Visitor: 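Mind having a look at this structure? Questions to follow.
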Amino acid sequence: MPRIVPLLLAALIQIVSAQVVVAEIHFADMVRAIQLGGTERMMVFALSDPGLPPAARAMRARILHGMGVRARAGTITRHSLRAAPVLTWDSNINGGYGNSEFIYAGLPFAIGKKYQAASGVLIGGRADGALRMALGGGTGLTLLANADAAWAPEHDMSKLSVGISACAHHMFSHASWGYGCLDGTWRRIDLGDSRRHGARLGLNHIFFSGIGIHELTVELQHNWHAASIPYRQDVASLSLTSALAGGHALLAGAGIGGGVEQANVMRERLWIGMGIMLAGRPASVTLGAQRNRGGEFLGQALEKHIRSASLSYRVRDDIGLSIYGAKTDSNIAFHDDSQIGLNIDWRFGVR
């Protein structure tokens, strides 16, 4: 028996060593998955394991400082400004209808060419900026702004858009966070302007399972829309972001919107997406299904079922490709539609 003891000890050491190596591999895969499709909060949680080396705690401290959560109040912890050219193909540049005629009381009617969807290439530029600041007490502030301007030479049409947001996020613990945001968007296309501004409140909770690290988010929104028909709408959503041990990222969610009598709006929405490494570069696919209700057309209540899909692939760190498609089926044939878009995304840092 004494001779067996050293052999058992050696075997036990080999098993434990192998388990440590496997754990390190799984942890590295999850970190890559977080970088692929996760959040900074998930990275903070992953780096909070007490068994990790001091270098991991130092990295966590840098992330929290950059978020403005662990810094002296008033300190600007991060800022950026980027500019890039715009090159896209859009199947509906002007926001027009996908069909050119409809039937009413058995008679055919045609709409003017101006109100029909125009497709083509858009060229232009975009800029976006970000600033993060510490507010003290475990709370950080994130300010974001972006602007896009593009022109379709084939139709002599332009698209302009501006967006701004201010979000305060608070860390209750490394696993639990809360946030509140104010944001707004403005868009001008050939057929008119639209504006939206809103307020959001949400809670995030991060947890670990045998297959990875997950972040559960619950959010409530109230949006004011100013377009041809002004309206307000409340939206509630629940989403789960997962960084899986195999090095993949997964996102799934559901949203419910309040009813608006005078406008056709989102009432139910489901989405699921996955991020993977393809040929050594990040890639993602997202599928969505949405049902719109509200409003009417020629006295008939309007409903729409929208299915969408998007694919993206980052060719280089500064260049990405994405394609988007959506199919709308309505209870009124005139509102049936198909849209597709192709975009080349450049990332150039200015400062």
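FYI, the numbering just counts along the sequence from 1. The model shown is predicted, which means the values in this text are computed figures rather than measured ones.
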Visitor: Is there a side-chain contact between Thr286 and Ile272, using heavy atoms and a 4.5 Å cut-off?
Guide: no

Visitor: Where do Tyr313 and Ser322 land on the side-chain contact (heavy atoms from CB on, under 4.5 Å) test, with the steps shown first?
Guide: CA-CA 6 Å; Tyr313 183 69; Ser322 62; over 6 Å; no

Visitor: How many angstroms lie between atom CG of Leu251 and atom OG of Ser242, to the nearest 0.5 angstrom?
Guide: 8.5 Å

Visitor: Would you indicate whether the side-chain heavy atoms of Glu101 and Pro108 approach each other to under 4.5 Å?
Guide: no

Visitor: Does this structure show an ion pair linking Arg78 with Glu40, if we count only N-O contacts that are shorter than 4.0 Å?
Guide: yes

Visitor: Is any NZ, NE, NH1 or NH2 atom of the basic residue among Asp49 and Arg60 found under 4.0 Å from an Asp or Glu carboxylate oxygen of the other?
Guide: no

Visitor: Any side-chain donor paired with an acceptor under 3.5 Å for Trp151 and Asp156?
Guide: yes

Visitor: Would you say Glu215 and Thr39 are linked by a side-chain donor-acceptor pair, where the criterion is simply a distance under 3.5 Å?
Guide: yes

Visitor: Indicate yes or no: does Arg195 engage Asp193 in a salt bridge with an N to O separation below 4.0 Å.
Guide: no

Visitor: Is there a path from Val69 to Met133 through hydrophobic residues (I, L, V, M, F, W, Y) whose side chains come within less than 4.5 Å of each other?
Guide: no

Visitor: Do Ser209 and His214 have a side chain donor and acceptor closer than 3.5 Å?
Guide: yes

Visitor: So which heavy atom on Ser194 is nearest to which on Ala227, and how close?
Guide: CB-CB, 4.2 Å

Visitor: Rounded to the nearest 0.5 Å, what's the gap from OG on Ser338 to CG on Asn92? Could you check?
Guide: 11.5 Å

Visitor: Determine, using the 4.5 Å side-chain heavy-atom cutoff (strictly less than), whether Leu87 and Leu311 are members of one ILVMFWY cluster.
Guide: yes

Visitor: Any side-chain heavy-atom pair from Met277 and His248 closer than 4.5 angstrom?
Guide: no

Visitor: Are Lys114 and Asp190 within salt-bridge range, i.e. N to O under 4.0 Å?
Guide: no

Visitor: Report the C-alpha distance between Arg126 and Trp346 in whole Å, list the side-chain angles of each, state the deciding distance to 0.1 Å, and finish with yes or no for side-chain contact (heavy atoms from CB on, under 4.5 Å).
Guide: CA-CA 10 Å; Arg126 95 167 34 97; Trp346 283 272; over 6 Å; no

Visitor: For Trp89 and Ser119, work out which heavy atoms get closest and say how close.
Guide: CZ2-CB, 3.8 Å

Visitor: Just checking, is any N or O donor in the side chain of Asp336 or Ser330 under 3.5 Å from an acceptor N or O on the other one?
Guide: no

Visitor: I'd like to know if the side chain of Ser48 and the backbone of Val44 have a donor-acceptor N/O pair within less than 3.5 Å.
Guide: yes

Visitor: Could you check whether Arg291 pairs with Glu268 (Lys NZ or Arg NE/NH1/NH2 to Asp/Glu carboxylate O, under 4.0 Å)?
Guide: yes

Visitor: Provide the closest heavy-atom pair for Ala236 versus Leu220 in the form atom of the first, atom of the second, distance.
Guide: CB-CD2, 3.7 Å

Visitor: Roughly how far, to the nearest 0.5 Å, is the CG atom of Leu141 from the OG1 atom of Thr139?
Guide: 10.0 Å

Visitor: Please tell me whether Met171 and Ile34 are part of a single hydrophobic cluster in this structure, the criterion being side-chain heavy atoms less than 4.5 Å apart.
Guide: yes

Visitor: Has Gln233 got a side-chain atom pairing as donor or acceptor with Gly258's backbone, closer than 3.5 angstrom?
Guide: yes

Visitor: First locate atom CG of Asp128, then atom OG of Ser80, and finally report the distance between them rounded to the nearest 0.5 Å.
Guide: 6.5 Å

Visitor: Between Trp177 and Phe208, is there shared hydrophobic-cluster membership here, with clusters defined by ILVMFWY side-chain heavy atoms closer than 4.5 Å?
Guide: yes

Visitor: Count the heavy atoms belonging to other residues, nucleotides or ligands that lie under 6.0 Å from CE of Met59, then report whether that count exceeds 12.
Guide: no

Visitor: In terms of side-chain heavy atoms, does Asp234 have a donor or acceptor partner in His222 at a distance below 3.5 Å?
Guide: yes

Visitor: Answer yes or no: is there a donor N or O on one side and an acceptor on the other, between the side chain of Arg267 and the main chain of Arg293, under 3.5 Å?
Guide: no

Visitor: Which heavy-atom pair separates Ala46 from Ile213 by the least distance, and what is that distance?
Guide: CB-CD1, 3.5 Å

Visitor: Taking the basic N atoms (NZ, or NE/NH1/NH2) and the acidic carboxylate oxygens, is any pair closer than 4.0 Å for Asp183 and Arg200?
Guide: yes

Visitor: Do you know the tightest heavy-atom contact between Ile93 and Ala152?
Guide: CD1-CB, 3.7 Å

Visitor: Is there a donor-acceptor contact under 3.5 Å linking the side chains of Gln290 and Asn292?
Guide: yes

Visitor: The test is side-chain contact (heavy atoms from CB on, under 4.5 Å); show your working for Arg281 and Asp317 and say whether it passes.
Guide: CA-CA 9 Å; Arg281 308 299 306 176; Asp317 291 342; 2.8 Å; yes

Visitor: Nearest 0.5 Å, what's the CG-CD distance between Leu201 and Gln221?
Guide: 10.0 Å

Visitor: Can a donor-acceptor pair be found, under 3.5 Å and without considering hydrogens, that links the side chain of Thr75 to the backbone of Arg72?
Guide: yes

Visitor: Within the structure provided, determine whether Asp345 and Ile319 are in side-chain contact (heavy-atom separation under 4.5 Å).
Guide: no

Visitor: Quick one, Trp271 and Ser239 - any side-chain contact, counting heavy atoms below 4.5 Å?
Guide: yes

Visitor: Report the hydrophobic cluster partners of Leu107, with the cluster defined as I, L, V, M, F, W, Y residues connected by side-chain heavy atoms closer than 4.5 angstrom, directly or transitively.
Guide: Tyr97, Phe102, Tyr104, Phe109, Ile111, Tyr115, Leu191, Phe297, Leu298, Leu302, Ile332, Phe334

Visitor: Heavy atoms, side chains only, cut-off 4.5 Å: are Tyr324 and Thr88 in contact?
Guide: no

Visitor: Got Met67 and His169 here, is their nearest side-chain heavy-atom distance under 4.5 Å?
Guide: yes

Visitor: Is it the case that Arg132 and Thr142 place a side-chain donor and acceptor less than 3.5 Å from each other?
Guide: yes

Visitor: Going from CZ on Arg70 to CD1 on Ile63, what distance comes out if it is rounded to the nearest 0.5 angstrom?
Guide: 12.5 Å

Visitor: Any chain of hydrophobic side-chain contacts (each under 4.5 Å) joining Leu122 to Met157?
Guide: yes

Visitor: Whether Asp337 and Lys327 form a salt bridge (side-chain N of Lys/Arg under 4.0 Å from carboxylate O of Asp/Glu) is what I want to check.
Guide: no

Visitor: Show which residues join Val260 in its hydrophobic cluster (side-chain heavy-atom contacts under 4.5 Å, direct or indirect), or state none.
Guide: Tyr231, Val265

Visitor: For a side-chain contact (heavy atoms from CB on, under 4.5 Å) check, start with the C-alpha distance between His197 and Asn223, then their side-chain angles and the critical distance, and finish with the verdict.
Guide: CA-CA 6 Å; His197 54 280; Asn223 293 314; over 6 Å; no

Visitor: With heavy-atom distances below 4.5 Å as the criterion, would you say the side chains of Ile323 and Ile340 are in contact?
Guide: yes

Visitor: Hydrogens and angles aside, do Thr77 and His65 bring a side-chain donor and acceptor to less than 3.5 Å of each other?
Guide: no

Visitor: Kindly give the heavy-atom pair with the smallest separation between Leu36 and Ala249, and that separation in Å.
Guide: CD2-N, 4.4 Å

Visitor: Run through the side-chain heavy atoms of Ile, Leu, Val, Met, Phe, Trp and Tyr, join any pair under 4.5 Å, and report what else lands in Leu240's cluster.
Guide: Phe207, Leu216, Val218, Leu238

